[in-house]
Colleague: 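Structure in structure tokens, see below.
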Amino acid sequence: QVQLAESGGGLVQPGGSLRLSCAASGSILSIVTMGWYRQAPGKQRELVAGITSSGSTNYADSVKGRFTISRGNAKNTTWLQMDSVKPEDTAVYYCNAAVVGRGVLGTLPYWGQGTQVTVSS
């Protein structure tokens, strides 16, 4: 019913920049929050950045000052601008959305397929 399409992952050198994109489509009344998570092998998935429908943002301490999350005017798209990347940023990055759908109370979480980000010289 709801699909999140991600793009923008790839190989980047330390100190470089990368921009991830995510677009939600399907049976959507509203999206309360959108965010980006990442997961490295052997580690738990962690929140990188989130943004509400009103534009409030929050970031993991490890990416503050380096990453910026934004949201489109239609509120069904989000971007993660990654600057000054470090090798420890290497992970699979997943887009997440908390969606209010027709006939549903509250929100349901949806996830993108994940996009690999590799930071290496």
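Computed from heavy atoms alone, side chains included, the values below leave out hydrogens, waters and symmetry copies. Counting from 1, the numbers follow the sequence of the chain as shown.
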Colleague: Do side-chain atoms of Ser84 reach the backbone of Arg66 as a donor and acceptor pair under 3.5 angstrom?
Modeller: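 No; zero donor-acceptor contacts below 3.5 Å.
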Colleague: When rounded to the nearest 0.5 angstrom, what distance separates CD1 in Ile51 from OG in Ser56?
Modeller: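 Spacing of CD1 (Ile51) from OG (Ser56) equals 8.0 Å.
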Colleague: Shared ILVMFWY cluster between Val12 and Val48, side chains joined below 4.5 angstrom?
Modeller: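 Yes, Val12 and Val48 fall within the same hydrophobic cluster.
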Colleague: Quick check: is Ile69 connected to Leu18 through a chain of hydrophobic side chains (ILVMFWY, heavy atoms under 4.5 Å apart)?
Modeller: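 Leu18 and Ile69: one cluster.
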Colleague: Quick one: pull up CG in Asn76 and OG in Ser53 and give me the separation to the nearest 0.5 Å.
Modeller: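 Separation between the atoms: 13.0 Å.
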Colleague: Give, for atom OH of Tyr59 and atom CG of Leu80, the distance between the pair rounded to the nearest 0.5 Å.
Modeller: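 Tyr59 atom OH to Leu80 atom CG measures 8.0 Å (nearest 0.5 Å).
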Colleague: Looking at every non-hydrogen atom in both residues, tell me the closest pair between Ser70 and Thr78 and how far apart they are.
Modeller: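 It is O-OG1, 2.8 Å.
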Colleague: State plainly whether one hydrophobic cluster holds both Val100 and Leu108, where clusters connect Ile, Leu, Val, Met, Phe, Trp and Tyr through side-chain heavy atoms under 4.5 angstrom apart.
Modeller: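 No.
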Colleague: To the nearest 0.5 Å, what is the distance between CE (Met82) and CZ (Phe67)?
Modeller: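 If I round to the nearest 0.5 Å, the distance is 3.5 Å.
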Colleague: Can you confirm whether Glu88 is buried at CD, in the sense that more than 12 heavy atoms of other residues, nucleotides or ligands lie under 6.0 Å from that atom?
Modeller: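 Yes, enclosed.
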Colleague: Please report the closest heavy-atom contact between Thr90 and Val119, naming both atoms and the distance.
Modeller: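 Thr90 and Val119 have their closest heavy atoms at OG1-N, 2.9 Å.
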Colleague: So, using side-chain contact (heavy atoms from CB on, under 4.5 Å) as the criterion, who are the partners of Ser121 when residues are at least two apart?
Modeller: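 Ser121: side-chain contact (heavy atoms from CB on, under 4.5 Å) contacts with Pro14.
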Colleague: So that I can tick it off, tell me whether Lys86 and Asp89 are bridged by a salt bridge, with the cut-off set at under 4.0 angstrom between side-chain N and carboxylate O.
Modeller: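 No, Asp89 and Lys86 are not salt-bridged.
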Colleague: Group every Ile, Leu, Val, Met, Phe, Trp and Tyr by side-chain heavy-atom contacts under 4.5 Å, then state whether Trp79 and Leu4 land in the same group.
Modeller: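 Different clusters.
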Colleague: Do the side chain of Gln3 and the main chain of Ser25 share a donor and acceptor less than 3.5 angstrom apart?
Modeller: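 No; zero donor-acceptor contacts below 3.5 Å.
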Colleague: Would the distance check show the side chain of Arg38 and the main-chain N or O of Ala91 forming a donor-acceptor pair, the cut-off being under 3.5 Å?
Modeller: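 Absent.
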Colleague: Measure the spacing between CG of Asn58 and CG of Leu47 and express it to the nearest 0.5 Å.
Modeller: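 One finds 5.5 Å between CG of Asn58 and CG of Leu47.
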Colleague: Using a 6.0 Å distance limit plus a 45 degree cone around the ring axis, check whether Arg45 lies over the aromatic ring of Tyr94.
Modeller: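 Yes.
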Colleague: Restricting to pairs with a member in residues 98-117, which pass side-chain hydrogen bond (donor to acceptor under 3.5 Å, both in side chains), not counting sequence neighbours?
Modeller: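 Sorted pair list: Gln116-Thr118.
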Colleague: Return a table of donor-acceptor pairs under 3.5 angstrom between the side chains of residues 27-34 and protein atoms on other chains or two or more places apart.
Modeller:
none

Colleague: Please determine whether residues Val92 and Val85 belong to a single hydrophobic cluster, defined as Ile, Leu, Val, Met, Phe, Trp and Tyr linked transitively by side-chain heavy-atom distances below 4.5 Å.
Modeller: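 They do not share one cluster, since no chain of ILVMFWY contacts under 4.5 Å joins Val92 to Val85.
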Colleague: Short question: side chain of Asp83, backbone of Ser17 - any donor-acceptor pair under 3.5 Å?
Modeller: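 The answer is no, because no donor-acceptor pair under 3.5 Å joins these two groups.
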Colleague: Taking atom CD of Gln1 as the centre, report whether more than 12 heavy atoms of other residues, nucleotides or ligands fall under 6.0 Å from it.
Modeller: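 Counting neighbours around CD of Gln1, 12 or fewer heavy atoms of other residues, nucleotides or ligands fall under 6.0 Å, so no.
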